[in-house]
Asker: 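Dropping a structure here in structure tokens format, bear with me for questions.
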There are 2 protein chains.
Amino acid sequence: MAESGSSAGGGETLLFLTDDQLRKGIEAMFFAYRGFTADPDRILEDKGYGRAHHRAIHFINRSPGTTVNNLLSILGVTKQSLNRVLRTLIDDGLVRSDVGTRDKRERHLYLTETGEVLERELSNAQRKRMRAAFRQAGPEAVVGFRQVLEAMMDSDMRRHYAKLTETG
Amino acid sequence: MAESGSSAGGGETLLFLTDDQLRKGIEAMFFAYRGFTADPDRILEDKGYGRAHHRAIHFINRSPGTTVNNLLSILGVTKQSLNRVLRTLIDDGLVRSDVGTRDKRERHLYLTETGEVLERELSNAQRKRMRAAFRQAGPEAVVGFRQVLEAMMDSDMRRHYAKLTETG
DNA sequence: ATTTTATGTCAGCCTTGTTGACATTCCAAG
DNA sequence: CTTGGAATGTCAACAAGGCTGACATAAAAT
């Protein structure tokens, strides 16, 4: 409404910024995210877990020894929600929770060997789909894909994303 | 595991298919989707609605007169789940449900004027973020973005996506 | 006339999010 | 040393939004 695809100032047409193009992007995100989560969802439901368990497992695997608080800020949920998920994972022997040495109030989280097995099963399934999509679209498309996604993140999330990708 | 970034057959390196690149794509999807839904979520919670209401409103707006069954296959939920959401939208006067003329069993769904007001508020917010991301990434990135997302969809969802984008 | 289809509705369950309240443990500052 | 605050755990209650199962209705299709 306030801004159409044609810039008033410059001579550029900016046809890729029309409301129609934006709508296509929005719907592409919606449908693609469904595919993105479909394979892990199938694996998880067989084992009585949900997406929340997957997220915890993923980020514990990415940052072994991370604290509950760090995980909270990445996942953006309350400690009570996360605690319920972590409790089942710890009770089922997929996650180990070690009291901190420097600060004994903190718990440091690690995947057990059983946890790593499930993590690999989940990430293999998700990577398989991502690999097929990347291959089909080609390397230049992948660059653009990530550029747009990074620009779409909230700054907090972009910070977490950058921190995760810089080291690992 | 079964397939690294380096192709065994050809001379191509395919560095964009390494597990590390795939992981970055996975995490980018996760963090970006949070941003993608953040603005509508804020608007909706003020009005006592959730993401499920947004999805219904979006696709009714995109295909005025659509049937409940068509909406079900797009959204991928049960009729009971959708019915609960539609019920509140109809009761609140945002959606109109007309008995079909050719087949009186079907209900055809339309946004009321009030419904269109909320739809515009939601889609304006979502387009604003998408526009900023598109502008920042540039037109070539946008093409790649959509290519990867389309390749990531399940075939059912890609069918719906294509049908929506071909006409509208 | 019977079956199937499309929809609605009621009841109940699960996951995963929320808030509020309170206990524990322990670092750190006064 | 005592107190305050931080990190965590736990209990209770609640809500959104998925799910299944069962059943009713209306109308199309056979």
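Naming convention: chains lettered A, B, ... in sequence-line order (proteins, then strands); numbering from 1 in each chain.
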Asker: Nearest to the side chain of A:Gln80 - C:dG20, D:dA7, D:dC19?
Answerer: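 Given the options C:dG20, D:dA7, D:dC19, the side chain of A:Gln80 is closest to C:dG20.
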
Asker: So does B:Asn69 get a side-chain nitrogen or oxygen closer than 4.0 Å to the phosphate oxygens (OP1/OP2) of C:dT5?
Answerer: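 For C:dT5, neither OP1 nor OP2 has a side-chain N or O of B:Asn69 closer than 4.0 Å.
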
Asker: Between A:Asp154 and B:Arg34, is there a salt bridge with N-O shorter than 4.0 Å?
Answerer: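 No, no charged N to carboxylate O under 4.0 Å.
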
Asker: Measure from CD on B:Glu106 to P on D:dA26 and round the result to the nearest Å.
Answerer: 17 Å

Asker: Whole Å only: how far is the NE2 atom of A:His53 from the P atom of C:dC14?
Answerer: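 In whole Å, C:dC14 P and A:His53 NE2 are 14 Å from each other.
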
Asker: With respect to the phosphate group of C:dT18, does any side-chain polar atom (N or O) of A:Thr78 fall under 4.0 Å of OP1 or OP2?
Answerer: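 It does, given that an N or O in the side chain of A:Thr78 lies less than 4.0 Å from OP1 or OP2 of C:dT18.
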
Asker: Ignoring hydrogens and geometry, is there a side-chain-to-backbone donor-acceptor pair from A:Asn124 to A:Arg120 under 3.5 Å?
Answerer: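 Yes, the answer is positive, given that a donor and an acceptor are paired below the 3.5 Å cut-off.
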
Asker: Give a yes/no answer on whether the side chain of B:Arg87 brings an N or O atom under 4.0 Å of OP1 or OP2 in C:dC10.
Answerer: no

Asker: Over 60° means perpendicular and under 30° means parallel, so tell me whether B:Tyr49 and B:His53 are parallel, tilted or perpendicular.
Answerer: tilted

Asker: Which whole-number value in Å describes the distance from A:Leu109 CG to D:dT8 P?
Answerer: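 Going from CG in A:Leu109 over to P in D:dT8 covers 9 Å.
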
Asker: Over how many whole Å does the gap from A:Lys79 atom NZ to D:dT8 atom P extend?
Answerer: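 Atom NZ in A:Lys79 sits about 9 Å away from atom P in D:dT8.
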
Asker: What residue among A:Phe36, A:Tyr33, A:Tyr161, A:Phe59 forms ring-ring contact (aromatic ring centres under 6.0 Å, His included) with B:Phe30?
Answerer: A:Phe59

Asker: At under 4.0 Å, does any side-chain N or O of B:Ser81 touch on OP1 or OP2 of D:dC19?
Answerer: yes

Asker: Rounded to whole angstrom units, what separation is found between the CG atom of B:Asp91 and the C1' atom of C:dG8?
Answerer: 13 Å

Asker: Among C:dG17, C:dT9, D:dT10, find the nucleotide with the atom closest to the side chain of A:Asn83.
Answerer: D:dT10

Asker: Please report, rounded to the nearest Å, how far the P atom of C:dT15 is from the CG atom of A:Leu86.
Answerer: 16 Å

Asker: Distance check needed: C:dG17 C1' versus B:Tyr49 OH, whole Å only.
Answerer: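 Roughly 20 Å, once rounded to whole Å.
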
Asker: With a 4.0 Å cut-off on heavy atoms, is B:Arg84 in touch with a base, just the backbone sugar-phosphate, or nothing at all?
Answerer: base

Asker: Which nucleotide in the list D:dG18, C:dT5, D:dC19 gets nearest to the side chain of B:Arg105?
Answerer: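 The answer is C:dT5.
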
Asker: Okay, side chain of A:Arg158, backbone of A:Met153: is any donor-acceptor separation there less than 3.5 Å?
Answerer: yes

Asker: Would you mind reading off the distance between B:Lys104 atom NZ and D:dT25 atom P, rounded to a whole angstrom?
Answerer: 19 Å

